[in-house]
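Following: one structure in structure tokens, then a few remarks.
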There are 2 protein chains.
Amino acid sequence: MREKRLSITDIARQLGTSTTTVSFVINGKAREKNISQLLIDRVEQLVTELNYHPNALAKSFRTGKTMTIGFIVDEISQPFFSGIAKYIDEKASAFGYNILFSSTKNSKKRGGEVLQVFNERHVDAFIIALPHGLEKEVRAVIASDIPVILFDRYIPGFESDYVLIDNENSAANATRHLIDNGFGKIAFVTIETDQSQMLDRTKGYEKAIHEAGLTPIIKKINYQGKTESVAEIIDFLKQHNEIDAIVFSCNYLTMDGLDAIGQLKLKIGEDIAMVSFDDLELLKYFVPAITAIAQPLEQIADKIMEILMYRLTDNFNKNRIKAVLTTQLEIRDSSLPKIASAGIALKSATIQ
Amino acid sequence: MREKRLSITDIARQLGTSTTTVSFVINGKAREKNISQLLIDRVEQLVTELNYHPNALAKSFRTGKTMTIGFIVDEISQPFFSGIAKYIDEKASAFGYNILFSSTKNSKKRGGEVLQVFNERHVDAFIIALPHGLEKEVRAVIASDIPVILFDRYIPGFESDYVLIDNENSAANATRHLIDNGFGKIAFVTIETDQSQMLDRTKGYEKAIHEAGLTPIIKKINYQGKTESVAEIIDFLKQHNEIDAIVFSCNYLTMDGLDAIGQLKLKIGEDIAMVSFDDLELLKYFVPAITAIAQPLEQIADKIMEILMYRLTDNFNKNRIKAVLTTQLEIRDSSLPKIASAGIALKSATIQ
DNA sequence: TTTATTTGCGTAAACGTTTAAGTAAAAACA
DNA sequence: TGTTTTTACTTAAACGTTTACGCAAATAAA
């Protein structure tokens, strides 16, 4: 069945030349290696005629380059990550690279395994949303001169290339937007974590709140799972019926928050204003449409690939690059100026 | 910098044994090859002591196996595909396989390139949502004894392993659900295509409609892009103001439909009932929550991997497998029993 | 005791590339 | 003219595995 694949030796033999010559022609080094135009033409003709394609495995083995990029994130199905994956694939393909991906499930153990496996497979570079506790392993990768670009979050003091967004200002802007629209009891729902992006978002919220002389109302969820999270948000909203606006600090909290708000039968835009950090594709079709902080997915991917290609071609040990991109506040109806009747309090009676 | 990696020869030399022995021990063939327990222990000890890991590249080159699976879909960022990707990655990792993915953008050309590249990289198997026009290329892959599992859609007459859902019955059930709830002018929005899953869904809708003695109202969109699609749906709804319920035949049409309905200021559940083919994570948080046909992502991935492992271990040329899974109609508030005032018609005056 | 079999290993070739080093002929230079 | 340089190629080693084959010693069978 599986017919013997054509090798460079076959080509060379049929042409009565050496594999060296064929190799040079195929890899575009013919001119610099002084191969005559006649021979170049003959090789190229036979190659296309026989539809010969070099064995990538042998090539990788010999050169150590796999033309593969390892893409490691918490969970590929999260819209933010699959969105980044889409663009990374597009750009990388254009350069002849392919993407090997795997999810860490936010586990140090699983993350370590993936890193190890990808390393053994000799991926040429890594793109990682770094889970906590994996600093040592990643440092080892970087030390072995394999380019690593981190994104979404950073580890303070961790030397690497980064592509991030301006979390603090993004959160602050969103909060100010709510303040400007007349809201005064603005809550911020985040998770109990030391992930930088979350801390920075909280910081941004606090900054805007303090600037305006308001009181912060922060809920930090110790994330165990969706059900518990929703329950915690419901409790939080019940206990703080002064709240008239709420900011959810990431895509999955937005979902849990929508669940909670739904269960409490609160009306977004009437009983409570809302902003989501991360723009999920459907948010704009809600009635009212939900205001969101949109991360520039394509720009992030672009920047990642730009740095990657730089590292892959030039030398490694240059100064580390830290790119910080801005977000776009997509203002929609869930954060329209406060109307007189707004506030959960008025509904409180019905919230049993 | 990049220190010379340990090779099997180093291990053998340090032990005063041969690479053959080390190789056998490492690959668990020691017993069948009659290596003494003493030597096995010594090899294993040194391997862990030196933290030696075989060079996967050399191994792949020698054996022709890459422990890699090619995952090819229209667009990885589509929730359906990234959801499948998540589970495929989970299961495949457990078997020591990794996933190389790329998107075809629904283009025959791009699809052919990806297929070609992945083939040259010697992926051990393919999982493909087959775009049209690529039959010949895929047939060649199958003929070369590389396992290929197709999913999401099938090509009539195309011999391969498939994992599909029961599109016809799923659409029929959803339509019947609307009929049972009192709707009589049910529209079906799909795309102009010859993709099997779309045709089957349409067939299911028609079947249920005819069974009930109703008149089908079908809109086939020649999909050029989001903007055009939304505009076509708006036109369609304006022209058919008798419609009291609508079924969108896939996830992106659901999005476009929500956009159109929003622009027309129609109220879902009041002016028009709605069902989505494909359950997007946020649909259940809409107010009213939107009824959806949910594909069993994990089951699909499970089945794909089951067949794949079977093909990868046993022989290839067994009878082709065609697995058809059932969907779950998630009944929510957007398709509640018809209320007296329902129907776009009543709103028509306002739809300029 | 002789012969056959099993046990326990080692030797060396092969997978398909790339590339350092070498060589003969042609061209340029002195 | 003889010498050097350039042109146009070839030879062969190397990358790190796996595995067919071989062989000696130990054991079993006759």
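The figures here come from the full heavy-atom set of this structure, side chains too, leaving out hydrogens, waters and symmetry mates. Quick note on labels: first sequence line is chain A, next is B, and so on, each numbered from 1.
Residue contacts shown for B/Ser36 are limited to sugar-phosphate atoms, with no base heavy atom under 4.0 Å away. Residue contacts for B/Asn55: at a heavy-atom cut-off of 4.0 Å it reaches the sugar-phosphate backbone alone, with no base atom in range. At the heavy-atom level, A/Ser60 lies nowhere under 4.0 Å from the strands shown. Residue contacts shown for A/Leu57 are absent, as no nucleic acid heavy atom lies under 4.0 Å away.
Remark: P of D/dC15 and NZ of A/Lys59 are 20 Å apart, rounded to the nearest angstrom. Here D/dT6 presents its C1' atom at 16 Å from CD of A/Glu32, a figure rounded to the nearest Å. Atom P of nucleotide C/dT7 and atom CG of B/Leu39 are separated by 16 Å, given to the nearest angstrom. At whole-Å resolution of the value, CZ in A/Arg62 and P in D/dG16 are 10 Å apart. Rounded to a whole Å, the CG atom of B/Leu38 is 11 Å from the P atom of C/dG8. The distance between atom CZ of A/Phe24 and atom P of D/dT7, rounded to the nearest whole Å, is 15 Å. Rounded to an integer number of Å, the gap from CZ of B/Arg13 to C1' of C/dG10 is 16 Å. Between the CG atom of A/Asn27 and the P atom of C/dT17 there is a distance of 10 Å, given to the nearest Å.
D/dC15 has A/Phe61 stacked on its base ring, the centres lying under 5.5 angstrom apart and the planes within 30 degrees of parallel.
Residues B/Phe71 and B/Ile76 form a side-chain contact, since some pair of their non-hydrogen atoms from C-beta on lies under 4.5 Å apart. Within the 4.5 Å cutoff, side-chain heavy atoms of A/Ile300 are placed close to those of A/Ile165. Side chains of A/Leu46 and A/Gln14 form a contact here, defined as non-hydrogen atoms less than 4.5 Å apart.
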Using side-chain hydrogen bond (donor to acceptor under 3.5 Å, both in side chains), reason through A/Arg5 and B/His122 one step at a time and then give a plain yes or no. CA-CA 12 Å; A/Arg5 277 193 49 165; B/His122 292 253; 3.3 Å; yes
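Proximity note for B/Ser23 (side chain, C-beta onward) versus D/dC9, D/dT19, C/dT17: the nearest is D/dT19. With distances taken from any side-chain atom of A/Asn34 to the nucleotides D/dA14, C/dA14, D/dA8, the minimum falls on D/dA8. When distances are taken from the side chain of B/Thr20 to each of C/dT19, C/dA12, D/dT17, the shortest belongs to C/dA12.
Projected onto DNA chain C by closest heavy-atom contact, A/Thr21 and B/Thr19 fall at different nucleotides, the more 5' of which corresponds to B/Thr19.
Contact check, B/Thr17 against C/dG10: a side-chain N or O comes under 4.0 Å of OP1 or OP2. A sub-4.0 Å separation between OP1 or OP2 of D/dT19 and a side-chain N or O of B/Lys29 is present. Close to C/dG10, at under 4.0 Å from its OP1 or OP2, lies a side-chain N or O of B/Ser18. Remark: B/Tyr52 is in phosphate contact with D/dT17, judged by side-chain N or O atoms under 4.0 Å from OP1 or OP2.
Ion pairing between B/Arg311 and B/Asp161 holds under the 4.0 Å rule for side-chain N and carboxylate O.
Aromatic rings from B/Tyr162 and B/Phe151 are positioned such that their centres are separated by 6.0 Å or more.
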